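The structure under discussion appears below in the form of C-alpha cells.
Only a predicted model underlies this, so the values are computations on that prediction, with no experimental measurement involved. FYI, side chains are in, hydrogens and waters are out, and symmetry mates aren't considered; it's all heavy atoms of this structure.
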Amino acid sequence: MRGSLALRTAVFGGFVFLYAPILSLVIYSFNESRLVTVWSGFSTKWYAALLSDPQIIGAAWISLKVAFLSASIATVLGTLAALVLVRRGPGRAILGGLVTAPLVMPEVIIGLSLLLLFIAMEGLIGWPGGRGLLTIVIAHATFGTAFATVVIEARMVTLDRAVEDAAQDLGAGPLRVFFDVTLPALAPALVSAWLLAFTLSLDDVVIASFVAGPGSSTLPMVIFSKVRLGVSPEVNALATLMIALVGALVLVAAWLTARRQKSD
C-alpha cells in the first residue's frame, strides 16, 4: 500500500512539474501588465496585439503552410516505406536503416547535412534556387517521414492479410485492394502519423534555422528571437494559441481513432 501511494505521489509530482509551467504561461497570457511575473488584472489585449503583429502573423502562416505540406508528404512516403518494410519488399534492410537514422540523429547534424546538400545541388543543377519555403518543406518532410513510417508500420503489422487476399480472389487488382481495403484499415494510423509530422514541423527551430532563407522565418524561429530579448505577454498569448491548436488536433485524432475502433 505504501509503495502504491509513493508511486502515485511520484507520478503526480512529475505531471505537476511538467504541466505547471504551461498552466502558468496560459494564465499570464491574460495578464494586463507587460511584466510576465506580476499579475495586475485580467485582459485580452495581448491577443489583440498579437493578431496585429505582421511579423508573427506572417511567420505563423509560413509555419502552417510548411507543416501542412511536409506532413502530407511525410505521410505518403511513410505509408510507402511501411508497406515495403512490412511486406518485405526489395531493399528492406537498407530502407529500415534509412528510416531509423533520423530518429536518433541530432537535429544539428540533420540541419547541417541538408544545408550542405542544398548548396551542392544548387551549384550542380541550379535547384533549389536559394533557401526558402521549399527547402524547409523538404527538410521537415525528411525527418517527418521517419516518424510517420514508425506509426504506420505499427498499424500495418496488425492488419489481417486474409481480407486483402479475399479481395484479390474476388477479382480486385493490387491497386484496388490497396486503396479500397488497406488504406481504410490504416486510416487511424494515417491520421496519427500526419498529426505527429505536423506537430514536429510546427515545433522545429533547429533544422529550419539551417535551411531557411531571408523572408522565410518560421514561427518558432521568430519566437526564439523574441525570447532572447525577454519574454513578453505577446509570446505567452502566442504559445497559448499554439497549445490550443495542438490540443484540438489531438482531440480530433483521438475521436477519429475511437470512432474507427467502434466501427471495427
Side-chain angles (χ1 to χ4, degrees), residues 55 58-154 156 189-190 192-228 242 246:
Q55 182 186 21
W61 179 236
I62 290 175
S63 289
L64 289 175
K65 288 193 293 185
V66 168
F68 178 83
L69 293 173
S70 63
S72 300
I73 296 172
T75 302
V76 173
L77 296 179
T79 303
L80 298 176
L83 191 64
V84 173
L85 293 174
V86 174
R87 304 296 164 82
R88 302 183 182 278
R92 177 174 177 268
I94 298 176
L95 180 61
L98 294 176
V99 168
T100 306
L103 299 176
V104 297
M105 191 175 299
E107 291 185 341
V108 174
I109 302 300
I110 297 176
L112 179 59
S113 60
L114 287 173
L115 173 61
L116 296 177
L117 174 65
F118 292 144
I119 293 175
M121 290 177 60
E122 185 178 4
L124 291 175
I125 61 176
W127 184 90
R131 263 64 66 199
L133 185 67
L134 176 62
T135 54
I136 302 176
V137 170
I138 296 174
H140 285 187
T142 300
F143 74 83
T145 299
F147 290 91
T149 302
V150 172
V151 174
I152 298 171
E153 182 184 5
M156 192 173 291
L190 295 177
S192 300
W194 190 91
L195 288 173
L196 178 60
F198 182 88
T199 304
L200 290 172
S201 174
L202 203 63
D203 178 67
D204 174 69
V205 63
V206 177
I207 296 177
S209 298
F210 280 95
V211 298
S216 61
S217 297
T218 62
L219 190 58
M221 294 172 61
V222 173
I223 294 175
F224 182 74
S225 64
K226 287 181 174 294
V227 169
R228 293 177 63 184
M242 294 180 66
V246 174

Does any non-hydrogen side-chain atom of I119 lie less than 4.5 Å from one of R131?
-> yes
Do T142 and I138 have side-chain heavy atoms sitting under 4.5 Å apart?
-> yes
Atom CD1 of I125 with >12 non-hydrogen neighbours under 6.0 angstrom = yes
Would a 4.5 Å heavy-atom cut-off, applied to side chains only, mark I223 and M242 as touching?
-> yes
Euclidean distance, L77 CG relative to I73 CD1, rounded to 0.5 Å | 7.0 Å
Are any of the side-chain heavy atoms of L200 and L196 separated by less than 4.5 Å?
-> yes
To the nearest 0.5 Å, what is the distance between CD1 (I207) and OG1 (T218)?
-> 11.0 Å
d(T79 OG1, L83 CG) to nearest 0.5 Å is 8.5 Å
Work out which heavy atom in V137 is nearest to a heavy atom in L69; give both atom names and the distance.
-> CG1-CB, 4.0 Å
I110 and P102: which non-hydrogen atoms are nearest, and at how many Å?
-> CD1-O, 4.0 Å
Sorted by first residue and then second, give each ring pair (Phe, Tyr, Trp, His ring centres under 6.0 Å) pair with at least one member in residues 197-217; sequence neighbours left out.
-> W194-F198
Would you confirm whether E153, through its side chain, and V86, through its main-chain N or O, come within 3.5 Å as a donor-acceptor pair?
-> no
Search all heavy atoms of V211 against all heavy atoms of G111 and return the closest pair with its distance.
-> CG1-O, 4.3 Å
Considering non-hydrogen atoms only, spot the tightest contact between I62 and S217 and give its length.
-> CD1-O, 3.8 Å
Roughly how far, to the nearest 0.5 Å, is the CD1 atom of I136 from the CG atom of L114?
-> 12.0 Å
Is there any ring pair (Phe, Tyr, Trp, His ring centres under 6.0 Å) pair reaching into residues 110-142, and which pairs are they, with sequence neighbours excluded?
-> H140-F143
Check: T100 side chain, G96 main-chain N or O, donor-acceptor pair, under 3.5 Å | yes
d(F224 CZ, M221 CE) to nearest 0.5 Å is 10.0 Å
Hey, are the side chains of L202 and L219 touching, using non-hydrogen atoms and a 4.5 Å cut-off?
-> no
From I152 CD1 over to S192 OG, what is the distance, rounded to the nearest 0.5 angstrom?
-> 9.5 Å
Exam field: side chain S201 to backbone A197, donor-acceptor pair closer than 3.5 Å | no
Determine the minimum heavy-atom distance between L133 and S216, stating which atoms define it.
-> N-CB, 4.0 Å
Minimum heavy-atom distance L103-V99, with the two atoms named = CG-O, 3.9 Å
